[in-house]
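In what follows, a single structure is set out as structure tokens and then discussed.
Along the sequence shown, the residues carry numbers beginning at 1. Remember, predicted model here, so these are calculated numbers, not experimental data.
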Amino acid sequence: MLWVFRRRATTGREAFDNKIIGYDADARVISVAWENIKRAGLHEFIHVEKKSVSDLELPPNVEKGLLLTNPPYGERLGEVETLMALYRDLGDKFDEYFHGWKAGVFTSNEKLEKALGWRYFKRYKFVNGALDVALLLFGLNADNRFKTPWLSSQEYLQNPSLWRVANQERAAMLANRLKKNQKQFSKWAAKNDISCYRLYDADMPEFAFAIDRYESEQGEVYLYIQEYAPPKSVNERASLERLSEGLKTIADTCEVSVNQIFVKQRSVKKGVSQYEKEHVEGEGFVVRENGARIKVNIGRYVDTGLFLDHRAIRRWIKAESKGKKVLNLFSYTSVVSLHAALGGACSVLSVDMSQTYLRWAEKNFALNKLKGGNYKFERANCMEWLENAVSENESGNKNQYDLIFIDPPSFSNSKRMEGVFDVQADHKFLIESAMSLLSEDGKLVFSTNLRKFKLDVSIENGFEVVDFTRKSLDKDFERNQKIHKCWLITHESSRT
């Protein structure tokens with residue numbers, strides 16, 4: 001029978017007029033492959049060499065052919081995220097050099113399949129050892145290339161291995177802006193005992209990010225990056241390219257480990273609470289602001305526990321609080337309450353519907369060695385709490401406050417409350433009720449981040465109202481005065 005196989009081998013060599021070319025990034029594997037090729041006497045027909053996917057291009061003197069590849073499957077913990085970039089590179093190379101070819105890709109991970117960015121025409125399933133594997137067959141023509149991005153924005157946000165610079169000149173402009181801002185704000189922040197500030201806020205239209213820089217008491221720097229969701233009119237592929245490029249440039253320029261960079265996408269959320277939980281990640285760390293020690297958690301919630309844009313308001317409240325009774329409604333983690341207490345308030349009441357945030361607030365007070373009955377935290381629906389407080393006052397049980405702060409969510413339909421809260425629809429009742437609890441010469445600060453918000457005319461007619469927005473913004477927020485709106489409201493009898 002041996003002569004039969006030899007005759008077939010000879011016939012095959014005579015009939016085969018093409019070339020098989022193989023690549024691998026591992027030089028040792030290439031060496032072994034050459035030895036096997038020589039033993040088989042096929043060195044005239046097969047050529048192998050060391051080359052990575054990033055160096056892949058069309059072989060010389062070859063127009064069309066078949067490309068087969070068996071890239072890593074990502075079976076080990078954490079490997080899939082790392083391999084996303086490899087598969088994406090491979091898909092890009094298909095697009096750049098191999099139009100008109102056929103391609104076959106072995107893989108066992110559907111997430112990695114999507115990273116290729118091509119529509120396969122056939123899928124064969126089989127078992128390779130203990131793994132369920134698929135052979136995907138592709139026709140590499142324009143119709144089969146996904147016209148929309150094959151990775152979601154969130155996948156880019158959470159996978160630093162995908163971050164890369166596509167346009168060096170554009171990236172350099174962003175890097176220069178970041179360096180300029182860092183130089184400007186770092187001196188100001190150090191002078192004012194601020195360890196967290198907004199470093200960048202869509203300063204360049206090409207990079208629609210808000211970048212907040214947090215420095216812990218131990219000197220570790222974290223970046224909290226929020227990508228403003230692009231409008232539908234913007235090409236998704238171009239948007240993701242700029243997102244990837246921006247993240248890579250930010251990490252390199254700010255010299256922060258990717259493990260200490262947290263990225264989230266900001267979009268208009270309809271029908272959900274402003275303070276919803278996102279995902280559990282990390283235990284947080286302590287930062288400083290205006291003499292206060294504050295615990296923040298960048299990875300666990302949609303917000304970090306510290307609204308940086310309210311820093312100037314907190315400083316003002318601290319200066320105004322000495323000897324005052326202070327009420328903080330929708331208190332969140334009660335950092336405003338903390339500043340009031342540090343400012344010498346005789347009592348501070350924080351009201352919020354979330355027990356999680358109230359416990360967080362108590363920890364912040366403990367961090368600053370503030371304890372005792374003068375500082376109270378009450379879990380309640382603020383609208384119901386106000387209604388009850390007003391009823392008690394009307395029944396003769398007077399309980400008034402000298403300083404009230406209200407920063408409600410734009411919208412909330414929490415399961416812990418009946419109906420929904422809408423700041424535009426409900427702010428009239430909210431402010432009027434709070435004003436009935438305000439002492440004759442007291443001050444109420446009302447803030448909202450709803451950009452289309454309009455203060456009810458009856459509020460301006462019934463009380464002394466001063467637009468406090470400009471004064472409520474610190475240096476790092478001066479370039480984005482739409483971040484929130486703020487009013488200082490007093491009784492007409494207290495006009496000076």
Side-chain angles (χ1 to χ4, degrees), residues 153 196-212 224-234 239 242-243 246 263-276 278 301-314 316 328-333 335-336 382-383 405-414 420-432 434 444-460 463 465-489:
S153 179
C196 312
Y197 53 86
R198 179 147 295 183
L199 177 63
Y200 174 97
D201 199 348
D203 298 21
M204 299 170 58
E206 297 89 346
F207 298 102
F209 301 112
I211 306 174
D212 294 330
Y224 178 64
I225 304 174
Q226 301 167 78
E227 184 216 10
Y228 297 113
K232 293 182 180 180
S233 58
V234 174
S239 174
R242 287 196 295 270
L243 170 62
V263 192
K264 294 173 184 176
Q265 187 178 74
R266 275 292 192 208
S267 58
V268 177
K269 295 187 176 183
K270 298 181 179 179
V272 295
S273 173
Q274 175 177 327
Y275 306 137
E276 70 179 274
E278 187 163 271
Y301 299 91
V302 172
D303 292 295
T304 68
L306 179 64
F307 294 143
L308 298 187
D309 59 304
H310 280 161
R311 187 191 312 109
I313 300 176
R314 291 190 288 269
W316 181 88
N328 183 6
L329 296 174
F330 302 95
S331 65
Y332 187 40
T333 56
V335 182
V336 165
C382 288
M383 298 291 279
F405 177 71
I406 308 177
D407 176 41
S410 298
F411 182 92
S412 179
N413 64 350
S414 171
V420 298
F421 174 86
D422 183 311
V423 69
Q424 185 61 66
D426 296 327
H427 79 277
K428 182 176 182 292
F429 167 83
L430 186 62
I431 293 174
E432 287 180 345
L444 183 149
V445 178
F446 179 82
S447 178
T448 178
N449 63 359
L450 181 64
R451 294 202 171 189
K452 295 182 179 180
F453 179 85
K454 291 185 178 180
L455 195 66
D456 194 284
V457 175
S458 65
I459 301 297
E460 295 182 287
F463 307 101
V465 178
V466 176
D467 191 328
F468 204 57
T469 304
R470 190 174 292 271
K471 289 184 178 180
S472 72
L473 296 173
D474 251 350
K475 183 182 181 69
D476 52 335
F477 285 95
E478 287 177 349
R479 62 196 185 280
N480 182 8
Q481 298 199 5
K482 294 181 179 180
I483 192 74
H484 67 236
K485 297 178 180 179
C486 187
W487 291 268
L488 178 62
I489 306 174

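Using a 4.5 Å cut-off on side-chain heavy atoms (C-beta onward), Asn480 and Lys482 make contact.
Lys485 contributes no side-chain N or O that, together with a main-chain N or O of Thr469, makes up a donor-acceptor pair within less than 3.5 Å. Side-chain N or O atoms of Asp456 include one that pairs as donor or acceptor with a backbone N or O of Ser458 at under 3.5 Å. A donor-acceptor pair is defined here as one N or O able to donate and one able to accept, closer than 3.5 Å; such a pair exists between the side chain of Arg311 and the backbone of Cys196.
Scanning both residues, Gly305 and Val335, for their nearest heavy atoms gives O-CG2, 3.7 Å. The two residues Ala434 and Ile406 make their nearest non-hydrogen contact at CB-CD1, 3.7 Å. Gly246 and Phe209 make their closest contact through CA-CE1, 3.8 Å (heavy atoms, listed as atom of the first residue, atom of the second, distance). For the residue pair Ala202 and Ala208, the shortest heavy atom distance occurs at CB-CA, 4.2 Å. The nearest pair of heavy atoms linking Leu430 to Pro408 is CD2-CG, 4.0 Å.
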Would Val336 and Ser331 satisfy side-chain contact (heavy atoms from CB on, under 4.5 Å), going step by step from the backbone distance to the final call?
CA-CA 8 Å; Val336 165; Ser331 65; over 6 Å; no
Should Tyr224 and Leu308 be marked as a side-chain contact (heavy atoms from CB on, under 4.5 Å) after you check the CA-CA gap, both sets of side-chain angles, and the distance that decides it?
CA-CA 11 Å; Tyr224 178 64; Leu308 298 187; over 6 Å; no
Could you walk me through whether Asp474 and Arg314 pass the side-chain contact (heavy atoms from CB on, under 4.5 Å) check?
CA-CA 11 Å; Asp474 251 350; Arg314 291 190 288 269; over 6 Å; no
Going through the checks in order, is the side-chain contact (heavy atoms from CB on, under 4.5 Å) test met by Phe330 and Val423?
CA-CA 12 Å; Phe330 302 95; Val423 69; over 6 Å; no
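Between the side chains of Thr448 and His427, no donor-acceptor pair of N or O atoms lies under 3.5 Å. Donor-acceptor pairing under 3.5 Å is recorded for the side chains of Tyr228 and Asp201.
Put simply, CD1 on Ile489 and CZ on Phe463 are 8.0 Å apart, with the number rounded to the nearest 0.5 Å. Distance check: Gln424 CD to Leu455 CG gives 8.5 Å after rounding to the nearest 0.5 Å. The structure places CZ of Phe477 at 4.0 Å from CZ of Arg198, a figure rounded to the nearest 0.5 Å. Between Leu243 atom CG and Ile225 atom CD1 the span is 9.5 Å, to the nearest 0.5 Å. Interatomic distance, OG of Ser472 versus CD1 of Ile483, reported as 10.5 Å (0.5 Å rounding). Ile459 CD1 to Glu432 CD: the interatomic distance, rounded to the nearest 0.5 Å, is 4.5 Å.
A parallel orientation is assigned to the rings of Tyr332 and Phe307, their planes being inclined by less than 30° (bins at 30° and 60°). The aromatic rings of Trp487 and Phe453 sit tilted relative to each other, their planes meeting at an angle between 30° and 60°.
The residues Asp203 and Arg479 are annotated as salt-bridged, a charged nitrogen and a carboxylate oxygen being separated by less than 4.0 angstrom.
Under the side chain to side chain contact (heavy atoms under 4.5 Å, CB included) rule, Ile313 has a single partner from Val445, Leu488, Leu473, which is Val445.
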